[in-house]
Amino acid sequence: MPTASQNLSHSVMRLARRLRQERRSDLSSGQLAVLGALSLQGPMTPRAIADHERVQPPSITRTINCLADEDLVTRTPHPDDGRQMLIALSPHGTDVLATERARRDQWLAETFSQLTVEERSVLRKATVILDRLART
């Protein structure tokens with residue numbers, strides 16, 4: 001019989017897979033995560049992005065290069081350290097991210113509306129706990 005942690009892991013992975021199915025862009029999950037981080041945090045150095053996403057700097061460098069090739073991010077010199085660059089969302093990146101989020105949020109809102117009041121309440125409370133788990 002599966003444990004509670006196994007059930008949680010399975011459910012979270014299935015929900016994540018279902019949300020990915022709502023995407024219509026060719027961007028990877030990692031690329032969308034970087035766009036999302038830049039949207040929330042503002043311009044960041046590649047190292048700060050790598051730390052935020054908990055990946056190695058070479059991985060972020062490849063991701064940033066791909067996003068820059070698609071005009072989704074911009075690079076500007078760091079105002080305090082000329083050896084570093086700041087990565088920011090471009091207007092096109094902002095539009096792409098907004099479109100992807102809108103599609104996902106629409107599916108979630110429709111699905112959420114089919115739940116009972118009690119189920120919606122439980123999920124609202126669970127999001128705080130899931131967020132805390134994700135940050136550990």
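Distance alone, capped at 3.5 Å, places no donor-acceptor pair between the E100 side chain and the L32 backbone. Checked by atom type and distance alone, the side chain of S9 never pairs as donor or acceptor with a backbone atom of S5 at under 3.5 Å. In this structure, T61 contributes its side chain and P57 its backbone to a donor-acceptor pair below 3.5 Å. Not one N or O on the side chain of S11 forms a donor-acceptor pair closer than 3.5 Å with the backbone of L8.
If you take CD on E118 and CG on L123, they are separated by 11.0 Å, rounding to the nearest 0.5 Å. Between atom OG1 of residue T3 and atom NE2 of residue H10 there is a gap of 12.5 Å, rounded to the nearest 0.5 Å. If you take OG on S28 and CZ on R23, they are separated by 7.0 Å, rounding to the nearest 0.5 Å. L38 contributes atom CG, which lies 8.0 Å from atom CG of L67 (distance to the nearest 0.5 angstrom). The CD atom of Q56 sits 9.5 Å away from the CG atom of D51 when rounded to the nearest 0.5 Å. Here NE2 of H52 is found 4.5 Å from CD of Q41. Values are rounded to the nearest 0.5 Å.
Nearest heavy-atom pair, Q6 versus M1, reported as atom, atom and distance to 0.1 Å: OE1-O, 4.4 Å. Here the shortest heavy-atom pairing between R54 and A134 reads NH1-O, 4.2 Å. When all heavy atoms of G36 and R101 are compared, the closest pair comes out as CA-NH2, 3.4 Å. Nearest heavy-atom pair across R104 and L19 is CG-CD2, 3.5 Å. Here the closest heavy-atom approach between residue A68 and residue V73 is recorded as N-CG2, 3.6 Å. Here the shortest heavy-atom pairing between E22 and R103 reads O-CD, 2.6 Å.
Enclosure of atom CD in Q21 by more than 12 non-hydrogen atoms of other residues, nucleotides or ligands within 6.0 angstrom is indicated. Remark: D26 CG is loosely packed, at most 12 non-hydrogen atoms of other residues, nucleotides or ligands lying under 6.0 Å away.
Residues I49 and L40 are members of separate hydrophobic clusters, defined by side-chain heavy-atom contacts under 4.5 angstrom among Ile, Leu, Val, Met, Phe, Trp and Tyr. Put simply, L97 and L86 are part of two different groups of oily side chains (I, L, V, M, F, W, Y) that touch within less than 4.5 Å, one to the next.
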Please report the C-alpha distance between R120 and V117 in whole Å, then the side-chain angles of each, then the deciding distance to 0.1 Å, and finally whether the side chain to side chain contact (heavy atoms under 4.5 Å, CB included) criterion is met.
-> CA-CA 5 Å; R120 289 193 297 264; V117 171; 3.4 Å; yes
Would you check, one step at a time, whether the test side chain to side chain contact (heavy atoms under 4.5 Å, CB included) holds for T63 with V55?
-> CA-CA 11 Å; T63 300; V55 297; over 6 Å; no
Check against side-chain hydrogen bond (donor to acceptor under 3.5 Å, both in side chains), Q106 and E110 = CA-CA 6 Å; Q106 179 182 352; E110 289 171 5; 3.1 Å; yes
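Donor-acceptor pairing under 3.5 Å is lacking for the side chains of T99 and R24.
Of the listed residues (V34, I87, N65), just one forms a side chain to side chain contact (heavy atoms under 4.5 Å, CB included) with I60, and that residue is V34.
Residues L72 and L27 are in side-chain contact: their nearest non-hydrogen atoms beyond the backbone lie under 4.5 Å apart.
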